Each structure stands twice: as structure tokens, then as C-alpha cells.
Amino acid sequence: MDLSAHGDAMFNAHLQDNRPQATAHLAKTMGYLQLSNTELEAELLKEVDTNPALEIVDELRCPNCGRRLRSLPCPTCAAPAADGSAVVFLSPRQPGGLREAVNEDDDLPETGMPERLDEYILRQIGPALTIEERPVAAYILAQLDENGLFAETPAEIARYKRVSLKTAQHVLELIQRADPPGVGARTPQESLLIQLGGLNDADAPAPGMRNLARLLIQEHFEALGKMEYERVARRLRADHNLYLAPGAIEGAVQYIHRNLTPYPARAYWGDGKTSGAADGAALTNPDVNITQLDWAAGGGLSVEVFAPLSGWLRVNPEFKAAATEGSGEERERWGQALAEAALVTKCLQQRNHTMRRLMQLIAEAQREFILGGDGDLRPTTRVQLAQALGLHESTISRAVAGKSVALPDGRVVPLAKFFDRSLSVRDRVRTLVERESQALTDDDIAEALAAQGIQVARRTVAKYRKMLGILPANVRTRQARARRVTQNLPKGRGPLPTRLGTQPTPA
DNA sequence: CTATGGCACGGATT
DNA sequence: AATCCGTGCCATAG
């Protein structure tokens, strides 16, 4: 890995050469750095629009031999751009991808599985939508929270998107009938009901179980959460004159737990946490792509920095030639435009360069995480990265802010995720609970983690657990019991809990 | 008495 | 300087 601050050295040399320009350069580079490619697109278009000296061309030809080129130093005549002015290659393949004129391999593997929830749903309902309904659907999908729920009412949609209430309702219903069952519901409760509607009576472990479940969700949702089964049973007997076999409620609850989820999106996206609060656009348009070169041989990771436009951004050579011939005031103006154009390309290059170095370092340090899962993330701080790169920490902050990266397996994660201190620990908590044979209390989990060399307070475990949407241990025990009952399994205890090498605490 | 969740404090991070 | 995060203490529920 190239850790030498080669580029920075050049940059700094440039700094010393000419002060006033240097500060402008710095300011602009930083400005660009903190833009995501979506934002940068607007910025660049504006520049090109206002500055006649800048141009975007579809293809680049060598200034000497006129051959079409992919990257800047012409391979045949090895001539750099005549004046050394920067040219930036904007990758044409991603709608709006850009990469630096360095990396040549052009085989972007079409990863099949990476799909955002919204795209996934849109694909299902797309054909059924009229032209008028499309924007409404897009709006709703964009507003889905990380659990796949949608907080607004049809009336609000209608008002906001200026369509009839009927249209809004229709689109919403379409979405709610789409695949992650229960998606688009307003509340967890509603989501459960929708999902329940999709289930078949035949699947229920006992006749009437589905109806009971519906009653429970509809009328006693609160109490259900509090596990007040006795009270609920009494109310049901009174209100509906129902005969309830002992354990029926528990059975229904267990039925609900097994077949429904209050968070429809999570089932599909595992942990699908869009931690960066619904920045859907950022996650559809990654700023960086990481691919694995030689998959089978566990090959290296290749980092590719995207930008929004296609083609080549450069100083228009004809304009440049003409500019020297002008006279007087005109010449002055043109000179300024030229300087500005050069600045833009340089800064863009600088941004790319910084991003590239940063990502290469991250890719190497977090190889495990990139190829593996959340549990393999090695917590890093921006400060550490800054030191390793010889940059200021605020530079890293800018670079990380609001960007996202596509990983080899198709996941698109916010860049900030690489700096999540507790991600790996949370993941460990999850696997611990998944593999538990007897509900582990928070203390148990903390203990097990300590055995793995991770020292966290019990209170912290509780928080992680909540973040993961895992219920408290005492509730999990009751669920387990209900499961045993309905499945007529022997009541005996299963294998001992996985305490992972720790001493069983004396009772 | 045990297991959790709420509040708030201090230190680290941005 | 503002924010985030882990943690300790305390109240509460079972």
C-alpha cells in the first residue's frame, strides 16, 4: 500500500509556489471533497455552464498523435497533456460514474442482488402504475423509514403530491400488497395486520389461531407488548364470549412472532440499517465502488471513485489558444476564465486523489469487513485515518460526510459505517442471542463478550440489544416456553446455554 | 432479589 | 464548541 504522501508533497509544493491561488485551491478542494457525487454533479454543471474555458467531451484524443485515449499519458507517444493541465476522466458506465484516469479495467461485474428496498418494490408495482401515479409511488417509497413503515396518511400524500385521495390510497395499497409483507404500513400494528391478511388459515397451527391473532393485534396490541396475557384473556372472554383454552393466547402470540414482524423491511435486509436517516439518494448512487479483483484467489480489492458525469472534463484547448490572441480587456477576462477552469480541474483531481487514497487505506484495513460481515469491522476513528494519511481530521470528516460506498457483494453502505465504533460488538450480540439455547440476560451477554475479549458494561449491552430490536431476555424466555408448548416438545431444558468459556454464575 | 429501562454525567469524537 | 456514546445510579416490574 502506498502510504507515502506523494500527492500531498506535490500539493504542498504547489502551495508554496503561489499563495493566493493556493488558498483558493485548498478552499475549493475542500468544498468538492465534502460533496457527494450527486451534489458534485450540480456543482460541475454550473461551472461548465458559466465558464467557457471548461468543457466536457465524450472522448479524449492525444494532443500529439490524435489517437483516442482512455487515460491521460498517451501510451504511444507518452506525452502528457501538452500544458500539464489536468484532465479528469468521467466514467461513462455508471449512470453518472466518474473515476480517475488511472484505473483501466472496465469490467464492472453486474452484481445481481444489490437492490434497495424502494427499487425492489417499485419493480413489482411499476407495471401497475399509471403515469400519474408514478411520482406518488416514488414519493411514498422515498419516505419509508428504515423499518419499511410509512408514517403519513393517504390524505397527507394526496395534499403533498396534489393528487386525489383516491389515487393516493390506491398507490399506497399497491405498495402494501408488494413483497416485503406489511411494508408501507403506518404503524407496526397495522403492518402486522396486513401481514396477517396475507397468511393462510391452513398454515396456522390451530384452527381459529389466525382470528385470535387478529383480535389480539387489533384490540390488545398494547397489552400484548406488556405480556399481560391474563388480563387480555379475561377481556377477550368478556367482550367476545370466547372460549380460550389455557395457553391459547401464548400460542397465538407465538404464532405472531413466528410469522409476522412489526418491521417488515428488517426481515429482508437483515440489519438493513440506513443509519444515515433515509438518505435514499445517497444509497442508490454510491460515490465509491469497491470490487474484488480475483474473487477465487481472494484477490486484492480495487477502489474506484465515481463522479456524477460522463466523459472528460478539461480545459478547452481551443479556448486556450484563442485566449492568448485576444487583446485588452477581453484577454484579461479570458485569462481569468482559464485560470478558474484550471483550478476546477485541479481541485477535482485533488478531490479524487484524496478520496482514492482514503478509500484504499480503508479498503485494506477493513478487508475483513468488506468481504465478510458487520462483525468483522475494526473500529477506527477519523483521527487515526488522518494521521495515517497525513491529512487533517476535518478533511477526513468532509470526505466521509454524506457519501456511500458499494461493496463487492453489492451492499451499499454509508461511508460513515466504517467509523461505527460499536458495529462489530452489536453484531456479536446478535449472534450470541441467535445461538442461545436459553435466553441470555444482558449480564450474561456482557460476560460472554468479556470472554471474547470485549469489555462492555451491562447497560451498554442493553442499548445494543434495543438497537438490534431484540427483546429483553425475560420476554424471550416466555416466547421459548410458548414455542415448546405449541410444538408439544418435551419440556426439559435444552442443552446448556452457551456461556462461552465463562464460569456459570453460582445461583 | 434480579433484570431492565430512564436519566444524566463525563469523556471521546467530530 | 457541539455531539455522540458508554456507563453508573436509581426506580420499577416481575
Side-chain angles (χ1 to χ4, degrees), chain A residues 30-31 33-36 146 222-234 249-250 253 271 273-277 279 282 354-355 358 361-362 365-366 374 377-404 414-430 432-433 436-450 452-482 497 499 502-507:
Chain A
M30 288 307 168
L33 194 59
Q34 73 183 3
L35 297 179
S36 74
E146 77 265 23
E222 294 284 317
L224 222 54
K226 295 184 198 155
M227 322 267 318
E228 296 165 339
Y229 297 156
E230 293 308 320
R231 178 182 306 179
V232 172
R234 258 181 278 130
I249 304 265
E250 282 84 353
V253 168
D271 70 328
K273 282 253 176 191
T274 320
S275 51
D279 201 348
T354 305
M355 283 299 291
L358 172 70
L361 193 56
I362 291 182
Q366 304 290 357
D374 288 354
L377 183 73
R378 250 216 237 154
T380 323
T381 70
R382 291 160 170 81
V383 181
Q384 286 173 30
L385 252 316
Q387 281 169 357
L389 289 168
L391 299 170
H392 192 82
E393 52 205 69
S394 70
T395 308
I396 308 290
S397 276
R398 291 176 203 278
V400 166
K403 300 209 182 59
S404 59
L415 201 40
K417 187 164 179 171
F418 285 93
F419 300 92
D420 188 326
R421 271 179 277 166
S422 58
L423 185 70
S424 65
V425 185
R426 289 205 303 270
D427 195 65
R428 286 187 139 95
V429 170
R430 181 204 281 121
L432 276 174
V433 173
E436 77 190 357
S437 51
Q438 178 191 89
L440 297 172
T441 71
D442 291 345
D443 261 324
D444 292 337
I445 296 176
E447 212 175 306
L449 286 175
Q452 296 183 24
I454 303 169
Q455 211 185 322
V456 276
R458 174 235 114 213
R459 190 64 191 79
T460 311
V461 172
K463 292 222 158 147
Y464 290 167
R465 189 170 45 68
K466 188 168 186 179
M467 283 191 216
L468 292 166
I470 299 175
L471 294 169
N474 47 26
V475 179
R476 298 205 302 278
T477 345
R478 300 188 70 153
Q479 279 174 26
R481 197 161 64 216
R499 293 246 184 185
T502 34
Q503 300 274 343
T505 33

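In what follows, chains are A, B, ... by sequence order, proteins preceding strands, each numbered from 1. None of the values given here were measured: they were computed from a predicted structure. Atom set for the values below is all heavy atoms of this structure, side chains included, hydrogens, waters and symmetry mates excluded.
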Would you tabulate the nitrogen or oxygen pairs shorter than 3.5 Å linking the protein to nucleotides 11-13 of chain C?
none

Should A/Lys417 and A/Asp374 count as side-chain neighbours, where that means a heavy-atom distance under 4.5 Å? yes

Measure the distance from CG on A/Asp444 to P on B/dT2 and round it to the nearest whole Å. 13 Å

Holding to side chain to side chain donor-acceptor pair (under 3.5 Å), I want the full list of residues that pass it with A/Ser422, two or more places apart in sequence or in another chain. A/Asp420, A/Arg426

Could you tell me the separation between the CG atom of A/Leu385 and the C1' atom of B/dT13, rounded to a whole number of Å? 14 Å

Sugar-phosphate only, base, or nothing, as touched by A/Thr460 at under 4.0 Å among non-hydrogen atoms: base

Reading nucleotides 4-12 of chain B from the 5' end, what letters show protein touch, with B for base, S for backbone sugar-phosphate only, - for no heavy atom under 4.0 Å? BBBBB----

So what does A/Ser394 hit on the nucleic acid, given a heavy-atom distance under 4.0 Å: a base, only sugar-phosphate, or nothing? nothing

Among A/Ile445, A/Ile454, A/Val456, the one residue meeting side-chain contact (heavy atoms from CB on, under 4.5 Å) with A/Val429: A/Ile445

Report yes if some heavy atom in the side chain of A/Leu389 is under 4.5 Å from a heavy atom in the side chain of A/Thr354; otherwise report no. no

Under 4.0 Å: is that the gap between some side-chain N or O of A/Tyr464 and OP1 or OP2 of C/dC5? no

Main-chain N/O of A/Thr441 paired to A/Asp444 side chain as donor or acceptor, under 3.5 Å: yes

Working to the nearest 0.5 Å, report the span between CG of A/Leu361 and CD of A/Gln366. 9.5 Å

